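These notes concern the structure reproduced below.
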There are 2 protein chains.
Amino acid sequence: MSEREPTLRERRYSETRRAIQAHAVRLFTERGYDAVTVADVAEAAGVSAMTVYRHFATKEDLVLLEQPAELVAARVAASPPTQPLVRRVGGALVDAAAALTGGSDEAAANERFLLDCLRLMVETPALRARHLDGQYVLQQAVVDALGVDAASPEAEFRARAATSACLAVMHTALTRWVEEDGRTSLPELIAHALAASFGDDAVGQRG
Amino acid sequence: MSEREPTLRERRYSETRRAIQAHAVRLFTERGYDAVTVADVAEAAGVSAMTVYRHFATKEDLVLLEQPAELVAARVAASPPTQPLVRRVGGALVDAAAALTGGSDEAAANERFLLDCLRLMVETPALRARHLDGQYVLQQAVVDALGVDAASPEAEFRARAATSACLAVMHTALTRWVEEDGRTSLPELIAHALAASFGDDAVGQRG
DNA sequence: CCTCCGAATGTTAGTCACTAACATTGAGGT
DNA sequence: ACCTCAATGTTAGTGACTAACATTCGGAGG
């Protein structure tokens, strides 16, 4: 449908944004997050500091990646409500990770950039904190997608508990993935981490 | 043993620290974290802004509570290594929470202050992020206390996954505890959240 | 082709968290 | 009574971030 091709101004806008982020991640990786100022990033990207803030709300957002909340939520919503909560959520996370890192050719091209961002997020306390907090958005999306009885605080509490556990496990897998520099398949790592936490039977084989 | 009674200078130091933190939490609760500057806190406490930073590394640390890592680690280390990881860690968390909120009379007196701090931590994004990141310290302490084979990255990965899941569940319980303004017993909430995530049989009855 | 609108960017002048360096005061041991 | 040094104050910075206003230029309409 409405796939209007981007105008020149829009292309320049996106390109500026991309350039700023690319230079930021490169500089942060080279010199360390704290040793690089926003002014440094702006200069490297050939823009003013103000423009950086127009594209990214905070310095941290230069590295933070948007959490694929819809992707996960859709898979959670499609999972059979009869299964245990952690199996529904865990399965959705494994599937979403497979969709994001596995097939797509474009994903493979960006994998280096993705790993650089994640490495910064894992190693820099400020970024790690923000990333962990960002999972709250994802958590709420998943809890909503689980479709628990909204009138029952008890049921919602159980859903939140199970979801937060699954997301924490995924974060552990992400950390490990970065430590191995992406050598092991991410979905596999998540599945293993889920099995270690919830038992082997809680991680269903897909199909 | 060496229970030398505190000198006047030490008493003043502790009192200054306590006053700063009390005024900070009060002001943050009244006006909101972002609407209160460190200078405001300093003025309320009758000290200079520099003194606030001498007692607390950052503005966030005015609210953050030290995680009782040793308390939890000791209980984890004492748990039978034959049990599943999540049961060992989860049980330790329930016990530690009971020790912290249940018996002690001093704990009951500070419960209002504790709840105020936790409420700020849950509701303020910056504080929530820092608190979540702070659990990394606790996580490492627990993983060490589990005594897994240090030579096996696989075993350590499983321990990290299970521990992070348990801590996330505890955080969910803490959030709920704050939402209920402390009306339900915290250990009970943690136990229920653990059961919802790992199954009822994974939460052993103590004894 | 000209013209005007507005989106993207630049500039300037702030606020506030946080740090470093140096000055001051007073508790506590000699 | 004196000296030491820990606790605090003062001052001058850096850097993240914001608000307000100026500028430029792509693009839509005449």
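Chain identifiers are assigned alphabetically (A, B, ...) following the order of the sequence lines, protein sequences preceding nucleic acid strands; residue numbering begins at 1 within each chain. Everything quoted here is computed from the prediction, not taken from an experiment.
Here Arg18(B) pairs with Glu15(B) under the side-chain hydrogen bond (donor to acceptor under 3.5 Å, both in side chains) rule; sequence neighbours left out. For Asp181(A), the salt bridge (charged side-chain N to carboxylate O under 4.0 Å, His left out) criterion is met by Arg112(A), Arg119(A), not counting sequence neighbours. Partners of Glu180(B) under the salt bridge (charged side-chain N to carboxylate O under 4.0 Å, His left out) rule, at least two apart in sequence or in another chain, are Arg176(B). With sequence neighbours left out, the side-chain hydrogen bond (donor to acceptor under 3.5 Å, both in side chains) criterion links Thr175(B) to no other residue. Under the rule for a side-chain hydrogen bond (donor to acceptor under 3.5 Å, both in side chains), His192(B) has no partner lying at least two apart in sequence or in another chain. Taking the side-chain contact (heavy atoms from CB on, under 4.5 Å) definition, one finds that Thr124(B) meets it with Tyr33(B), Leu120(B), Leu127(B), sequence neighbours left out. The side-chain hydrogen bond (donor to acceptor under 3.5 Å, both in side chains) search around Thr51(B) returns Ser48(B), not counting sequence neighbours. Remark: Glu43(A) engages no residue in a salt bridge (charged side-chain N to carboxylate O under 4.0 Å, His left out) (not counting sequence neighbours). Residues forming a salt bridge (charged side-chain N to carboxylate O under 4.0 Å, His left out) with Glu66(A) (at least two apart in sequence, or on another chain): none.
Ring geometry, Phe198(A) versus Phe198(B): the interplanar angle falls under 30°, so the pair is classed parallel (tilted spans 30 to 60°).
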Protein-nucleic acid N or O pairs under 3.5 Å, nucleotides 17-22 of chain D:
from: dC17(D); atom 1: OP2; to: Lys59(A); atom 2: N; distance (Å): 2.6

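Note on Arg12(A): a side-chain N or O is less than 4.0 Å away from OP1 or OP2 of dG26(D).
Axis angle across the helix from dC1(C)-dG30(D) to dA27(C)-dT4(D), with five pairs used at each end and values rounded to 10°: 10°.
In the region residues 14-34 of chain A, proximity to DNA chain C at under 4.0 angstrom, judged on heavy atoms, holds for Thr16(A).
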